[in-house]
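One structure below.
We name chains A, B, ... by the order of the sequence lines, and we start the count at 1 in each one.
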Amino acid sequence: MWYQSQTRPLWGRVFCMSDEFSPSDEVAWQQKWADNHVFETDLDTQKPPFYCLEMYPYPSGKMHMGHVRNYSIGDAVARYKRMMGFDVLYPIGFDSFGMPAENAAIKEGIHPHDITQKNMESITEQIKRMGFSYDWRRMLMSHDPRYYKWNQWFFTKFLENGLAYQKYAPVNWCDSCETVLANEQVKNGRCWRCASNVKQKDMSQWFLDTPKYAQELLDGLETISFPANVKSLQQDWLGRSEGAEIEFAIEGSDEKITVFTTRPDTLFGVTFVTLAPEHPLSQTLVEGTQYEEGWKQLKNEVASMSDFDREKILKVKKGVPLGRNAIHPLTGELIPIWVGNFVIATYGTGAVMAVPGHDERDFAFAKQYNIPIKQVLVMQENASCEDELNNAKTELGWMVNSGLDGFDGLYGEEAKRAVISKLEENDKGEGLVQWKIRPWLVSRQRYWGTPIPVIHCTDCGAVPVPESDLPVELPRDVTFGHGNPLETSESFLAADCPKCGKDARRETDTMDTFMDSSWYYLRYTDALNDEKCFEKAVANHWMNVDFYCGGIEHAQMHLIYARFMTKALRDLGLHDIDEPFNELLCQGMVNKGAPWCNTCAITLSVDHAGSPCPQCNSELGERSAKMSKSHGNTVSPEDMIEKVGADTVRLFILFAANPTAGMDWSDSALESNNRVIQSLRNMPETILSWDGNESPMDEWMRARICQRSCEFQRAMDAYDLRRAVEISHYEITKDINWYIRRGGLNPIVGRELLEVWTHLISISTPHMAEDWGQLLGHTDLVSASQYQHPGDVSKQSQSVLDAEAYTRSFLESARKIKTIAERHLDNGARTAIVVISPQWKRELAKTALDFIIAGGNPKSFIPILSQMDICQGQRKGEIMGYWGKKMLPQLFKWDDESRAVILSELNELEVLQSRSEFIATDLGLESIVFVSGESTEDTTQRAASAMPLGPAVVYN
RNA sequence: GCAGGGGUGGCUGAGGCGGUCAAAGGCGCCGGGCUUAAGAUCCGGUCCUUAUGGGUUCGUGGGUUCGAAUCCCACCCCCUGCACCA
């Protein structure tokens, strides 16, 4: 009710609609769906399961267009699968822990819990207003103790099996967020959330051992349908490199330097060893020597830098010698030890064997500090060494100068293997796979997250909270704004040691909120279970997620953590699934025009529209940019729904672009989609009131319905939503126009069409579909009913479709020719003679097609052709010429359909003749005559230019 | 530097196991029907040329083939991610 009274006036103003317009009462249908529990799923073993999921949203204040797009896509898939007879699990919830709520609390003095609750309410209302078909009973929220209890339980299990551990280590620290960050959350040395510089800080923190699953995470990518770029992103992030760990003894010391290398085949070319300045050995080796000062300077320089600065500074390579020598593990040579600013302490072992002859970076370093360069690989077999290398030879090569027998002449992988086995033999190293992925740092020094369930006891150390005491709930008596709020709650801090019972102190770190989102999809499968995180059999039944839709921005955070977590929980015996998501669809951005300065190459806020560039004063153009608050180019879904209704917004969003492509918001396109909705709205009434009789076109319409139904399913099965919507909301209308134009007006056929069509429109415009269902006299809801596929296109129907398609294409070309012809006719074209291709051409085409379709090469058709009956007379030369010049190229211009038509029994002359009246009228002619080429009736002598499916037309 | 994805007609954007491709759909533009008119809607047109044919087009240059937007090679440019990663 409120909907109508509020929207009408707006409508009138914006779109000047007539009074006849009455929008579907979308809210009423939504209520009906809810009342009838249409979208509530309980495990039904009679139907195949389908799990459709969108990345659950963070409850910021309002729903934005990105959400609307995401859910419109998911909902279309869910509705489609439902109507096709699947048991569809389609849940929604909220990723409701996180910093924005806490920051708002600091700023506005409202408790994060209250902000979150309030936001969730309003966003829920907006989501519901779109009519998405969620099973709301399964709604979950990260900040619900009934949910995060399980985060804590998993964590204690991980502690038990060593997957979770605490470690004092250098970690990423964000000053402005006042918390540590995981490696995945540092982008170009900056915090992923606030973009301020991230520092290194030594702290005792909790980690999850993600590298343990690195290989499986890499291999698993092969088994799932993720977009190529997401796979590549994850591969980069996992960073597998195969090589060897090699030990260098130190002259006059018991210590050893372990290095990692991917190029053991260059081991004999090592002329120095480089340590990271932070490497513990570097200190040991220089302490109290003349080299200490130089090392200290370099270390301080590196340590004081953020990763961001370091990246810039590192363009200049710097190093200092430590005055000590390492011993080559195989040759025993003495090799100077250096410290270099480019060696990263946290990658590999923090030490590098330097091979200047075959590594560019080492080469530059050796040149700079006058260190010898040794060539141990040649780039051609049996080649000899160059006198002096002027650059590093980094490709694989043949070993030379090995200094030991049995290596010279070996190449590539074989060379690597040989060196590794020699090292293993001498116990000086081993083959090893190194990963870039670091353990997941899960502690956060923030309030609004899951408390880490650990109690610190002076005697017993860190003790996990027993299961019976879970969940450890967040206290409310905290003060925000000064460090970790949890440290201000005495009631929270004080705890008894679960082991010895003595006074102890509770852990105040909370978990990274990515922990919440890394298993929520499992919880949905059994969301109402109060006893367990989820029942194993139930999770196994639904998982994995068949269709997962969300933004690309989670490609290496959420999607790695979730895949890791799935495997970790599997190994706890909680389910049997290896990969959480099968098909991943990353929907594109929603963009809208914003002012753009071509000179400065910047996008500006819409405030600048119409005025010159504030920086260079030149005139501003416009460019499409991601909808964002800073650009001010956002469109409020709420306003749009109010103006045009949810159905129109959904239709527009699905039709404007493919799901994965970026889409431009356009008000005029929205309007035009709304016109489509308006024109479809009364379709059932219109069609049901048709008063025609049976006509020859009925058969065509029926065949067309089957064809469209097949096309639609094909599109949906490939998640080509745009094509599906194009069929349901555009093409079928055109079919009806053609049907009517050709004299069809049979209400019985019309009803048949409507029964099918209603379902096709229901995936994108479900409210209107319900209106239609009602107009058709159905008492059950369209959303709850199954689709009855009208059947595939039979051979008979195909010939009907062919004949009509042939007629259409004939008209098209005849019309084209007519305009040209009329330039040559004084009084315009009034009559026409149509010459159908002579029989022998059709025969030639058929024989040649059969030959080609069977895989024959066109070249070898000539001997076959000369054997044909038609080539036996005087016309042989003519026909051979025709073959090469006309028929061969044409053969490949026909599509599969046309080919099928040529090979079919379709009689071109009959088809056109039977429609001659219509054709004449349509072309605006007084009369039209059809003759067979080279027959006695053909007086035009134009048979030469007639082709199968391409008659010649002579206008007079 | 490495990896992944791209460059198509006025714009947008499909297609891309070689022939269906002068290249879908949309927008824009043009013409026609309907209307008092506008809008909506319907029909048609929209690279050049043209009695049904020809020419030039899918980033640039080569190659394979009877035939290339599609396959191969080289180059240029754009986007994304990683990066002195050993």
> Is the ring centre of Phe272(A) less than 6.0 Å from the ring centre of Phe365(A)?
Replying inline: yes

> Rounded to the nearest Å, what distance is computed from the CG atom of residue Asp720(A) to the P atom of nucleotide rA24(B)?
Replying inline: 17 Å

> To the nearest angstrom, how far is Ile560(A) atom CD1 from rC82(B) atom P?
Replying inline: 11 Å

> When you compare rU60(B) with rC78(B), how far apart are their C1' atoms, in angstrom units rounded to a whole number?
Replying inline: 15 Å

>> Using atom C1' in both nucleotides, what's the gap between rA40(B) and rC34(B) to the nearest angstrom?
In response: 11 Å

> Nearest to the side chain of Leu233(A), which nucleotide is it out of rU80(B), rG4(B), rA86(B)?
Replying inline: rU80(B)

> Charged N to carboxylate O below 4.0 Å: is that the case for Arg815(A) and Asp922(A)?
Replying inline: yes

> Which dot-bracket string fits RNA chain B when only Watson-Crick or G-U wobble pairs with both atom distances under 3.5 Å count, crossing pairs get [ ], and | stands for a partner on a different strand?
Replying inline: ((((((((.[[[..)...(.....]]](((((.........)))))(((...)))...[[[[[..)....]]]]])))))))....

> For atom C1', what is the distance between rG26(B) and rU46(B), given to the nearest Å?
Replying inline: 14 Å

> Starting at the 5' end of RNA chain B and moving along, which residue's nearest nucleotide shows up first, Asp236(A) or Asp359(A)?
Replying inline: Asp236(A)

Are there any protein N/O atoms within less than 3.5 Å of an N/O atom in nucleotides 70-75 of chain B, and if so, which ones and at what distance?
none

> Are the side chains of Met683(A) and Thr733(A) in touch, meaning some heavy atoms are under 4.5 Å apart?
Replying inline: yes

> Which nucleotide in the set rA86(B), rA3(B), rA83(B) lies at the smallest distance from any side-chain heavy atom of Lys436(A)?
Replying inline: rA83(B)

>> Output the rounded distance in Å from CD1 (Ile727(A)) to P (rA14(B)).
In response: 16 Å

> Given Arg240(A) and Glu242(A), is the salt bridge (Lys or Arg N to Asp or Glu O under 4.0 Å) satisfied, shown in steps?
Replying inline: CA-CA 7 Å; Arg240(A) 184 180 201 273; Glu242(A) 216 169 302; 2.7 Å; yes

> Between Thr262(A) and Glu731(A), who's closer to the 5' end of RNA chain B by nearest nucleotide?
Replying inline: Glu731(A)

> Is a side-chain donor or acceptor of Lys416(A) paired with a backbone partner of Arg263(A) at a separation under 3.5 angstrom?
Replying inline: no

>> Output the rounded distance in Å from CZ (Arg723(A)) to C1' (rA24(B)).
In response: 8 Å

>> Are there over 12 heavy-atom neighbours, none belonging to Glu360(A), within less than 6.0 Å of that residue's CD?
In response: no

> Just how far, in rounded Å, is P of rG26(B) from CD of Glu726(A)?
Replying inline: 7 Å

>> Once side-chain hydrogen bond (donor to acceptor under 3.5 Å, both in side chains) is applied, do any residues pair with Trp690(A), and if so which ones, sequence neighbours excluded?
In response: none

Hey, what are the protein-to-nucleotides 30-34 of chain B N/O distances that come in under 3.5 Å?
none

>> Tell me whether Arg915(A) contacts the main-chain N or O of Thr807(A) through its side chain, where contact means a donor paired with an acceptor under 3.5 Å.
In response: no

>> Using atom C1' in both nucleotides, what's the gap between rG5(B) and rA86(B) to the nearest angstrom?
In response: 28 Å

All N/O pairs under 3.5 Å across the protein-nucleotides 48-56 of chain B interface:
| residue | atom | partner | partner atom | Å |
| --- | --- | --- | --- | --- |
| rA51(B) | OP1 | His824(A) | NE2 | 2.7 |
| rA51(B) | OP2 | His824(A) | NE2 | 3.1 |
| rA51(B) | O2' | Arg942(A) | NH2 | 3.1 |
| rA51(B) | N6 | Tyr955(A) | O | 2.9 |
| rA51(B) | N1 | Tyr955(A) | N | 2.9 |
| rU52(B) | N3 | Val953(A) | N | 3.0 |
| rU52(B) | N3 | Val953(A) | O | 3.2 |
| rU52(B) | O4 | Arg942(A) | NH2 | 3.3 |
| rU52(B) | O4 | Val953(A) | O | 2.9 |

> Would you say the side chain of Glu908(A) lies within less than 4.5 Å of the side chain of Pro951(A), judging by non-hydrogen atoms?
Replying inline: yes

> In whole Å, what is the span from the CZ atom of Arg722(A) to the P atom of rC27(B)?
Replying inline: 10 Å

> Is it the case that Arg361(A) places NZ or CZ above or below the six-membered ring of Phe342(A), under 6.0 angstrom from the centre and within 45 degrees of the axis?
Replying inline: no

> To the nearest Å, how far apart are Leu888(A) CG and rU20(B) C1'?
Replying inline: 15 Å

> What string of B, S and - do you get for nucleotides 42-47 of chain B, 5' to 3', if B is base contact, S is sugar-phosphate-only contact and - is no contact with any protein heavy atom under 4.0 Å?
Replying inline: SSSS--

> Are any side-chain N or O atoms of Arg708(A) and backbone N or O atoms of Asp735(A), one a donor and one an acceptor, separated by less than 3.5 Å?
Replying inline: no

> Distance-only, no hydrogens or angles: does the Tyr369(A) side chain make a donor-acceptor pair with backbone N or O of Gly319(A) under 3.5 Å?
Replying inline: yes

>> Measuring only the C1' atom in each nucleotide, how far is rA22(B) from rG53(B)? A whole number of Å is fine.
In response: 15 Å

> Say you pick atom C1' in rU20(B) and the same atom in rU36(B); how far apart are they, in whole Å?
Replying inline: 49 Å

>> In whole Å, I'd like the distance from the CD atom of Glu242(A) to the P atom of rC85(B).
In response: 18 Å

> With rounding to whole Å, what would you report as the distance between rC72(B) and rG1(B) at their C1' atoms?
Replying inline: 25 Å

> So, Lys231(A) side chain and Ile224(A) main chain: donor-acceptor pair closer than 3.5 Å or not?
Replying inline: yes

>> Check whether Lys374(A) reaches the backbone of Phe268(A) with its side chain - one donor and one acceptor, N or O, closer than 3.5 Å.
In response: yes

> Do Thr210(A) side-chain atoms and Arg438(A) backbone N/O form a donor-acceptor pair below 3.5 Å?
Replying inline: yes

> So do Phe655(A) and Ser764(A) actually touch side chain to side chain, heavy atoms under 4.5 Å?
Replying inline: no

>> Give me the distance, rounded to whole Å, that separates rA69(B) from rU56(B) when you measure between the C1' atoms they each carry.
In response: 15 Å

>> Within this structure, what is the CG-NE2 distance for the pair Asp362(A) and His358(A), rounded to the nearest 0.5 Å?
In response: 11.0 Å

> Any side-chain heavy atom of Ile687(A) sitting closer than 4.5 Å to one from Ile736(A)?
Replying inline: yes

